[in-house]
Amino acid sequence: MGFKFHGFDFLHLDSSFSEDELLVRKTARDFVEDNLVPIIEQCFREGRFPRELVKTMGELGFFGATIDGYGCAGMSNVEYGLVMQELERGDSGFRSFVSVQSALVMYPIYTFGSDEQKNTWLPALASGQKLGCFGLTEPEYGSNPGGMKTTARKSGDGYVLNGEKLWITSGHISDVAVIWAKVDDEDDRVRGFLVETDRPGFKAYDVHGKWSLRASVTSGLSLQDVHVPEANLLPGTGGLKSPLMCLNQARYGISWGALGAAMSCFDTALQYSKTRKQFHNMPIAGHQLVQEKLVWMANEIAKGQLLSLHVGRMKDAGTVGHEHISMAKRNNVWMALECARMARDVLGANGITEDYPIMRHMMNLESVKTYEGTHDIHTLILGHNLTGIGAY
């Protein structure tokens, strides 16, 4: 069952997109419709990541899309955002995989890595031949990454890493992990390391029992005396600012992705309400309370589109601040989750079934609201910016 997506452009924003931007969106939309939509409910039910789609995404330039060279597409930030929107319209977990590969693995290698590291990893990651993960969050430290316990000790011609990471997307399917650790002989300064996942002492295990993001891999990582050579240190990293820069990249993409999930829920509710009849054989779309819900969703999605588009234009112009991205992520994920709940209400009991994507989006968005900075943490980031007083 379900409905074919009709798109959402109440404010005629398509007129403000370039031909290239519209082509990128169409490419991503067609990919999702033809490849992901037919299988995503089964993948979610089975808790299976559709790895068979990775090669095609590499060929389409979805990985590291904003990077120039190294086999990457060199997209603008707005074009990248439109890709994220369409992927998350398919599924948040699937978009998360691409976000991690792009913003949390390829971005730090491109930004902080040596020429050798870039030449070795970026082409392979761009094509999807190699997969990566980002190891920052730990069992005891999520919103406060500065409390991390993972350490790197200088030893001979390299470093020995010890620690635990948790809630790591793509952990057990990755070929390389970007691991953040405190370096003992640098006054516990946080540095980034490229750790090949087949190194002795490195172990990844799946997190089971998830009700959310079931179509993506979530892992824990264990590092027990893992030795890496000096060449595996990301030389441009230094301090907590480095991983936070990576998270900023991911948060920007999430603001667009949440729009996709919201659009999917709204479009489903709109089409359903026109066909579902109750009371005097009238479509429920003709009832005032249902119309109020549809209007609320359309109104908030339209505002979210304006927010992400403007932040994307600022990002392309080099004028964006992390606080602008925090506002976009915070607002759009909250809005998308409310849309999912409201759309489920419109569909009644049908809204909880896998015949429609709404309940899956709702469960996924509960995670999206938490990761890459919780809703409350982004509130405090904005509060700090407005008042000049940190309240963390």
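What you see below is based on every heavy atom in this structure, not just the backbone, and it leaves out hydrogens, waters and symmetry mates.
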- Message: Taking NE2 in His287 as the centre, count heavy atoms belonging to other residues, nucleotides or ligands within less than 6.0 Å. Is the count above 12?
- Response: yes
Checklist line | Flag if over 12 foreign heavy atoms under 6.0 Å of CG, Asp34 | finding: yes
Report the C-alpha distance between Glu354 and Arg45 in whole Å, list the side-chain angles of each, state the deciding distance to 0.1 Å, and finish with yes or no for salt bridge (Lys or Arg N to Asp or Glu O under 4.0 Å). CA-CA 9 Å; Glu354 63 179 25; Arg45 186 191 321 129; 2.7 Å; yes
If you measure from the Lys or Arg side-chain nitrogens to the Asp or Glu carboxylate oxygens, is any gap between Lys154 and Glu230 under 4.0 Å?
yes
Surrounding CG of Leu386 (heavy atoms of other residues, nucleotides or ligands, distance under 6.0 Å), is the total greater than 12?
yes
Taking Gly321's backbone N and O only, do any of them form a donor-acceptor pair with His324's side chain (distance below 3.5 Å, no angle check)? yes
When hydrophobic residues are tied together by side-chain contacts of less than 4.5 Å, even through go-betweens, does Tyr159 share a cluster with Phe112? no
task = Indicate yes or no: does Lys329 engage Glu372 in a salt bridge with an N to O separation below 4.0 Å.
result = no
>> Hydrophobic clustering (ILVMFWY, side-chain heavy atoms < 4.5 Å, transitive) - are Leu365 and Leu259 grouped together?
In response: no
Would you find a donor on one side and an acceptor on the other, under 3.5 Å apart, between the side chain of Gln129 and the backbone of Pro123?
no
If we ignore hydrogens and angles and just use 3.5 Å, is the side chain of Thr27 paired with the main-chain N or O of Leu23 as donor and acceptor? yes
* With a 4.5 Å heavy-atom cut-off, do Trp121 and Val105 have their side chains touching? -> no
(message) Is it true that Arg251 and Ser326 share a donor-acceptor pair across their side chains at a distance under 3.5 Å?
(response) no
What one should report as the nearest heavy-atom pair of Gly163 and Thr150 is CA-OG1, 3.6 Å
Under the side chain to side chain contact (heavy atoms under 4.5 Å, CB included) rule, what do Lys165 and Met148 come out as? Steps first, then yes or no, please. CA-CA 9 Å; Lys165 302 293 183 180; Met148 74 173 68; 4.1 Å; yes
Between Ala262 and Ile301, the two heavy atoms sitting closest are O-CD1, 3.6 Å
**Q.** Arg341/Glu366 salt bridge by N-O under 4.0 Å criterion
**A.** yes
| Taking C-beta and beyond as the side chain, do His378 and Asn331 meet within less than 4.5 Å on heavy atoms? | no
Checklist entry - Counting heavy atoms not belonging to Lys293, are there more than 12 under 6.0 Å from its NZ? => result yes
Verify, without hydrogens or angle tests, whether Thr197 (side chain) and Ser174 (backbone) share a donor-acceptor contact under 3.5 angstrom.
yes
**Asked** Please walk me through it: do Leu166 and Tyr205 pass side chain to side chain contact (heavy atoms under 4.5 Å, CB included)?
**Response** CA-CA 10 Å; Leu166 191 58; Tyr205 56 92; 3.9 Å; yes
Has Glu52 got more than 12 heavy atoms of other residues, nucleotides or ligands less than 6.0 Å from its CD? yes
TODO: Answer whether the closest heavy-atom distance between the side chains of Met297 and Met263 falls below 4.5 Å.
DONE: no
Inset, instruction - Could you tell me whether the side chain of Asp316 and the main chain of Asn77 form a donor-acceptor pair under 3.5 Å? - result: yes
**Message:** Strictly distance-based, threshold 3.5 Å: is any side-chain N or O of Ser127 a donor or acceptor partner for the main-chain N or O of Ala124?
**Reply:** yes
Is it the case that over 12 heavy atoms from other parts of the model lie below 6.0 angstrom from the CD1 atom of Ile352?
no
Looking only at heavy atoms, the pair that brings Val178 and Leu104 closest together is CG2-O, 4.0 Å
Heavy-atom nearest pair, Gln305 first then Phe8, reads NE2-O, 3.2 Å
Item to complete: Take Leu122 and Tyr110 through the side chain to side chain contact (heavy atoms under 4.5 Å, CB included) test and state the conclusion after the steps.
Response: CA-CA 8 Å; Leu122 291 179; Tyr110 180 74; 4.0 Å; yes
Given His6 and Leu270, is the side chain to side chain contact (heavy atoms under 4.5 Å, CB included) satisfied, shown in steps?
-> CA-CA 10 Å; His6 286 168; Leu270 178 63; over 6 Å; no
Looking only at heavy atoms, the pair that brings Trp334 and His375 closest together is CB-CE1, 3.7 Å
- Message: I'd like to know if the side chain of Ser96 and the backbone of Ser92 have a donor-acceptor N/O pair within less than 3.5 Å.
- Response: yes
### Query
Side-chain contact, heavy-atom cut-off 4.5 Å: Tyr392 with Ile381?
yes
key: Any donor-acceptor N or O pair under 3.5 Å, side chains Asp355, Asn350   = no
task = Examine the side chains of Gln101 and Ser170 and answer whether a donor and an acceptor come within less than 3.5 Å of each other.
result = no
From the list Leu213, Val32, Val368, Val83, side-chain contact (heavy atoms from CB on, under 4.5 Å) with Arg95 holds only for Val368
Open item on the list: With a 3.5 Å distance limit and no angle check, can you tell me whether Gln291 reaches the backbone of Ala285 through a side-chain donor-acceptor pair?
Closed with: yes
Considering only heavy atoms from C-beta outward, does the side chain of His322 approach that of Leu244 to under 4.5 Å?
-> no
Paired with Phe62, the ring pair (Phe, Tyr, Trp, His ring centres under 6.0 Å) test is passed by just one of Phe31, Phe97, Tyr80, namely Phe31
Practice item. Answer yes or no: are there more than 12 heavy-atom neighbours, outside Phe279 itself, under 6.0 Å from its atom CZ? Key: no
Item checked: More than 12 heavy atoms of other groups within 6.0 Å of Glu19 CD -> no
Subject >> Side-chain donor-acceptor pair present, Glu196, Asn232, cut-off under 3.5 Å >> reply: yes
Notebook entry, point to check: Got a salt bridge between Glu140 and Lys149, using NZ or NE/NH1/NH2 to carboxylate O under 4.0 Å?
Noted result: yes
Subject >> Arg89/Glu86 salt bridge by N-O under 4.0 Å criterion >> reply: yes
Practice problem: Decide whether Ser255 and Ser308 meet the rule of one side-chain donor and one side-chain acceptor closer than 3.5 Å. | Solution: yes
dist Glu164:CD -> Leu221:CG (nearest 0.5 Å) comes out at 8.5 Å
Min side-chain heavy-atom separation Ser216-Val100 under 4.5 Å: no
- Would you say Asp9's side chain and Asp14's backbone share a donor-acceptor pair under 3.5 angstrom? yes
**Report entry** Pair Asp206-His172, side-chain donor/acceptor within less than 3.5 Å
**Finding:** yes
On a heavy-atom basis, the closest approach of Gln271 and Lys4 is NE2-O, 3.0 Å
Self-check item: Residue pair Leu337 / Met362, side-chain heavy-atom distance below 4.5 Å
Solution: yes
| Is there a chain of hydrophobic side chains (I, L, V, M, F, W, Y, each step under 4.5 Å between heavy atoms) that links Ile358 to Val295? | no
- Query: Do Val346 and Met359 share a hydrophobic cluster (ILVMFWY, side-chain heavy atoms under 4.5 Å, transitive)?
  - Reply: no
So do the side chains of Pro357 and Thr268 get within less than 4.5 Å of each other, counting heavy atoms only? yes
